[in-house]
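Report on the following structure.
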There are 2 protein chains.
Amino acid sequence: MLRVAKAHRVLVNAALTNVNLHIGQEILLMELWQEDGLTQTQLADRLSIEPPTLTKMLSRLEKTKLLKKYKDTQDARICRVFLTEKGSACQKSVTDLWLDLDETILANLSSEERLLFRRFLIQIYDNLESAKQSQSSTKNFADN
Amino acid sequence: MLRVAKAHRVLVNAALTNVNLHIGQEILLMELWQEDGLTQTQLADRLSIEPPTLTKMLSRLEKTKLLKKYKDTQDARICRVFLTEKGSACQKSVTDLWLDLDETILANLSSEERLLFRRFLIQIYDNLESAKQSQSSTKNFADN
DNA sequence: CTTATTTACTTAGCCGACTAAACAAATAGT
DNA sequence: ACTATTTGTTTAGTCGGCTAAGTAAATAAG
C-alpha cells in the first residue's frame with residue numbers, strides 16, 4: 001500500500017508541474033474552490049494537517065498570488081483565506097487532471113470492484129482512526 | 001486513499017517515536033536487515049527514493065550510530081552501508097510494531113477480503129506504473 | 001476590574017521527498 | 001595515452017509534514 005501511495009504521489013507531482021503547482025497545494029485549493037473564505041483552523045482541519053504546516057503553505061501560495069489572507073473584522077485573531085482570480089482560474093485544469101488520474105488508477109476494475117475497494121478503504125480508515133483514539137486515550141491516562 | 005495513507009503515516013510515526021526513530025528510517029533499516037552491506041544505489045532503488053534523499057537519511061542514521069558507511073575496496077566511488085550492533089538490535093521491536101499495525105489495519109476483514117484487497121492494490125500499482133512509463137516515453141520522444 | 005485560560009496563528013527547527021548541479025572515480029573512444 | 005562519457009555520491013535549495021515554544025487577542029474566573 002505504501003508503494004501504491006508513493007507511485008500515486010509521483011504521478012500527481014509530475015502532472016502538477018505542468019500547472020506550476022507543488023504537490024499538496026492542489027488539495028488546499030480544492031477546499032477553497034468548494035468554500036472560499038475559510039479560517040485557517042477550518043482549513044487545517046479539513047486537510048488534516050497541523051497549523052504550522054498550513055502557515056507555510058499559505059505564505060508560499062500567497063507569494064505566487066493564488067490566494068490572499070484577510071483579518072476577520074469580528075475577531076482579530078482569525079485570518080480568512082480567499083482565492084485570487086488566478087487561484088480560481090486554475091480550478092478546471094486541476095480537477096481535469098485529477099479525474100484523468102482517477103481513471104488511469106482504476107483502469108481494469110469494474111464498477112463493482114471499485115465499490116468494493118472503496119468499502120475496504122473506508123473500513124481500514126475506520127480501523128486506523130479507532131486505533132489512534134485508543135492510543136491517545138492511554139496517553140492521556142499516563143498524564144494523570 | 002490519500003486519507004488512509006495519511007492516517008497510516010500518523011500511526012506509524014507515533015509508534016516509531018517510542019523506538020527513537022523517524023518515519024522512513026524504519027523501512028531503510030528493514031532493507032539492511034534483509035541484506036547488509038548494500039550499495040547506496042541499490043538502497044535507493046529498493047526504497048524507490050532519489051540518491052540525495054538517501055544521502056541525508058544515511059548521514060542522520062550514521063549520526064545516531066545505527067549504521068556505518070565504508071568505501072568499497074574495489075571501486076572507490078561506491079559506499080557500502082553496514083548496520084552497527086545498535087542498528088541490528090532494534091530489528092525485533094520494529095518488526096513487531098509493524099506486524100501489530102498490520103493487524104489493526106486489517107481488523108474486521110476476512111482472509112478472502114484481505115486477498116481481494118491485495119489484488120486491487122496490485123492492479124492499481126500496475127496501472128500507475130504503466131501510466132508512468134507512457135508519460136516518460138513521451139518525454140523522451142520530445143527530447144529527440 | 002484584573003488575572004488566568006483558552007483560542008488562533010506564527011516562528012524556529014527537524015525530517016523525508018524532490019530537482020539541478022557539482023564532484024570524483026571508473027570506463028569507453030579515439 | 002589522453003579525452004569524453006558514464007556511474008556513484010554529495011551539495012544546495014525548495015516543498016510538505018511534524019513538534020515545541022512563542023505571541024496576540026478573546027473569553028472566563030477571581
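All chains are named by letter (A, B, ...) in the order of the sequence lines, taking the proteins before the strands, and each is independently numbered beginning at 1. Source: prediction; values computed, not measured.
Of the inter-residue distances, the one linking Cys90(B) atom SG with Leu21(B) atom CG reads 5.5 Å to the nearest 0.5 angstrom.
When side chains are defined from C-beta on, Tyr125(A) does not count as touching Ser130(A), because their heavy atoms never get closer than 4.5 Å. With contacts defined as side-chain heavy-atom distances shorter than 4.5 Å, the pair Val19(B)/Leu97(B) qualifies.
Counting non-hydrogen atoms of neighbouring residues, nucleotides and ligands closer than 6.0 angstrom, the OH atom of Tyr70(A) reaches no more than 12 such neighbours. When the shell of 6.0 Å around NZ of Lys65(A) is examined, it contains 12 or fewer heavy atoms from other residues, nucleotides or ligands.
Atom CG in Leu16(B) sits roughly 14 Å away from atom P in dC15(C) (whole-Å rounding). Look at CD1 on Ile49(B): it is 12 Å from P on dT10(D), rounded to the nearest Å. One atom, CD1 of Ile27(B), and another, C1' of dG16(C), lie 10 Å apart when rounded to the nearest Å. Arg80(B) places its CZ atom 9 Å from the P atom of dT9(D), with the value rounded to the nearest Å. With rounding to whole Å, Glu26(B) atom CD is found 11 Å from dG16(C) atom C1'. Atom CG in Leu2(A) sits roughly 15 Å away from atom P in dG16(C) (whole-Å rounding). If you measure from atom CD of Gln42(B) to atom C1' of dG8(D), you get 12 Å, rounded to the nearest angstrom. Atom CZ of Arg9(A) and atom C1' of dG16(C) are 9 Å apart (whole Å).
Residue-level contact check: Leu54(B) touches neither bases nor backbone, having no heavy atom under 4.0 Å from any strand.
Positionally, the nearest nucleotide of DNA chain C for His22(B) lies more toward the 5' end than for the other of Ala76(B) and His22(B).
Using a 30° and 60° split on the angle between ring planes, His8(B) and Trp98(B) fall in the perpendicular class, above 60°.
Within the 4.0 Å cut-off from OP1 or OP2 of dG16(D), at least one side-chain nitrogen or oxygen of Arg60(A) is found. Remark: Thr53(B) is in phosphate contact with dC18(C), judged by side-chain N or O atoms under 4.0 Å from OP1 or OP2. OP1 or OP2 of dT10(C) has at least one side-chain nitrogen or oxygen of Thr55(A) nearer than 4.0 Å. Between Lys71(B) and dT9(D) there is no side-chain polar atom (N or O) within less than 4.0 angstrom of OP1 or OP2. Taking side-chain N and O atoms only, Gln25(B) has a distance below 4.0 Å to OP1 or OP2 of dG16(C).
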Worksheet item: Is there a salt bridge (charged side-chain N to carboxylate O under 4.0 Å, His left out) between Arg114(B) and Glu103(B) once you walk through the steps?
Response: CA-CA 11 Å; Arg114(B) 294 180 188 196; Glu103(B) 207 38 59; 3.3 Å; yes
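In this model, no side-chain donor or acceptor of Lys69(B) finds a partner on the base of dG8(D) within 3.5 Å. Between the side chain of Lys56(A) and the base of dG16(D) there is no donor-acceptor pair of N/O atoms closer than 3.5 Å.
In this structure, Glu26(A) contributes its side chain and Gly24(A) its backbone to a donor-acceptor pair below 3.5 Å.
Candidate nucleotides dC18(C), dT10(C), dG17(D) were compared by shortest atom distance to the side chain of Glu50(B), and dC18(C) ranks first. Nearest to the side-chain atoms of Pro52(B) among the listed nucleotides dG17(D), dA20(C), dA26(D) stands dA20(C).
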Table of protein N/O atoms under 3.5 Å from nucleotides 3-8 of chain C N/O atoms:
{"residue": "dT7(C)", "atom": "O2", "partner": "Arg77(A)", "partner atom": "NH1", "Å": "3.3"}

